Amino acid sequence: MSHYSVNSASSEGNNPCLKLASVIERHLKALSELSDLTPVLRATCQQLSEQWAGLIDSNLKRQNKIQRFSWLMPAASE
């Protein structure tokens with residue numbers, strides 16, 4: 001899934017760029033719905049869209065867990 005992977009770290013920290021991943025997923029989904037594309041291309045875009053959606057969901061769940069329990073952990077800067 002190239003260097004735009006949802007798992008790559010941003011320059012500001014270790015958080016993945018979920019906004020970019022969401023944009024990529026939406027574009028792939030839109031391409032998969034175009035009737036002008038060949039069936040193979042549409043199916044490929046649909047599969048890639050589903051893969052990106054799965055990565056986004058798993059990373060959102062992970063971030064929510066971290067945020068939910070972050071109050072238990074003392075801040076690193078303190």
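The model shown is predicted, which means the values in this text are computed figures rather than measured ones.
- Every side chain to side chain donor-acceptor pair (under 3.5 Å) that Glu50 has, sequence neighbours left out, goes to Gln46.
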Compile the donor-acceptor pairs under 3.5 Å between side chains in residues 23-42 and protein atoms, sequence neighbours left out, one pair per line.
from  : atom 1 : to    : atom 2 : distance (Å)
Glu25 : OE2    : Ser49 : OG     : 3.2
His27 : ND1    : Val23 : O      : 2.7
Ser32 : OG     : Lys29 : O      : 2.7
Thr38 : OG1    : Leu41 : N      : 3.4

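- In this structure, Ser22 OG and Leu60 CG are separated by 7.0 Å, a value rounded to the nearest 0.5 Å.
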